[in-house]
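Contents: one structure, followed by commentary.
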Amino acid sequence: MNYWLMKSEPDAFSIEALARMPRKTAHWDGVRNFQVRNMLRDQMRKGDLAFFYHSSCAVPGIVGSMKVSRAGYADFTAFVPENPHFDPRSRPEKPLWYMVDVTLVRRFPRPITLTELRRHAVLKNMLILRRGNRLSITPVTAKQWHFILKLAADT
DNA sequence: GCCAACGTTGGC
DNA sequence: GCCAACGTTGGC
């Protein structure tokens with residue numbers, strides 16, 4: 001089983017919005033970066049776990065956890081001309097872009113902020129903390145995953 | 001295949 | 001709003 005961290009700007013899609021979805025499940029669509037596409041298509045499996053990270057907001061940080069409830073499949077928003085993520089290079093018979101479904105596991109009692117993540121030496125290799133990191137999905141090690149869960153639990 | 005220009009991301 | 005970092009594009 002794999003662990004991930006998935007970023008979203010809360011103005012676009014927040015953990016609160018995920019909590020309001022039927023069955024607390026949503027498509028993680030709109031990814032238009034090839035490295036992340038490859039993770040969605042080739043590596044993310046049903047049952048994997050992921051942190052939900054709020055970016056580009058007042059307090060960036062991890063706000064909860066999710067599970068991957070459907071492995072990678074074609075991101076159909078790329079086929080819809082009216083969609084802001086439309087990409088004519090992607091066709092239903094040969095999709096260029098992929099998405100997964102995610103289901104909320106739980107919201108943390110408090111956000112584990114970016115500032116707090118930076119304070120812990122154990123987490124210093126997290127990709128999210130690397131300068132200039134722009135990938136919207138990054139792998140997390142089991143050690144990092146459990147350490148952060150503990151931070152959330154010790155609130 | 002190189003690389004400059006451009007666009008986007010995201011913290012501050 | 002600024003700016004550093006980096007991916008993508010397109011001319012050559």
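In this text the structure is predicted, and so the values were computed from the model without any measurement. In what follows, every chain begins at residue 1, and chains take the letters A, B, ... in the order their sequences are listed.
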Think A:K7 has a side-chain N or O under 4.0 angstrom from the OP1 or OP2 of B:dT9?
no
What is the distance, to the nearest angstrom, from the CD atom on A:E116 to the P atom on B:dG11?
16 Å
Length of the CZ-C1' vector between A:R131 and C:dA4, whole Å
8 Å
If I take atom CZ in residue A:R130 and atom C1' in nucleotide C:dA5, what distance separates them, rounded to the nearest angstrom?
14 Å
Residue of the set A:E82, A:R32, A:H85 for which side-chain hydrogen bond (donor to acceptor under 3.5 Å, both in side chains) holds with A:T77:
A:R32
How many Å lie between CD1 on A:I137 and P on C:dG7, as a whole number?
16 Å
Atom CZ of residue position A:R130 - does it have more than 12 heavy atoms of other residues, nucleotides or ligands inside 6.0 Å?
no
Reference residue A:R70; test side-chain contact (heavy atoms from CB on, under 4.5 Å); the match among A:V102, A:D101, A:T103:
A:D101
Proximity to the side chain of A:R118 - top-ranked nucleotide from B:dC12, B:dG10, C:dT8
B:dC12
Between C:dA4 (C1') and A:N133 (CG): distance, integer Å
13 Å
Contact class for A:R89 (heavy atom, under 4.0 Å): base, sugar-phosphate, or nothing?
sugar-phosphate
Rounded to whole Å, CG of A:N33 lies from P of C:dA5 at a distance of 19 Å
A:F34, nearest nucleotide to its side chain (from C:dT8, C:dC6, B:dG11)
C:dT8
From NE2 of A:H54 across to P of B:dG11 the rounded distance in Å is 12 Å
Give a yes/no on whether any side-chain N or O of A:Y53 is located under 4.0 angstrom from OP1 or OP2 of B:dG11.
yes
What is the separation between atom CD1 on A:I128 and atom P on B:dG11, rounded to the nearest whole Å?
7 Å
Taking A:W97 as the fixed residue, which of A:D87, A:D29, A:D75, A:N33 is the one that meets the side-chain hydrogen bond (donor to acceptor under 3.5 Å, both in side chains) rule?
A:D87
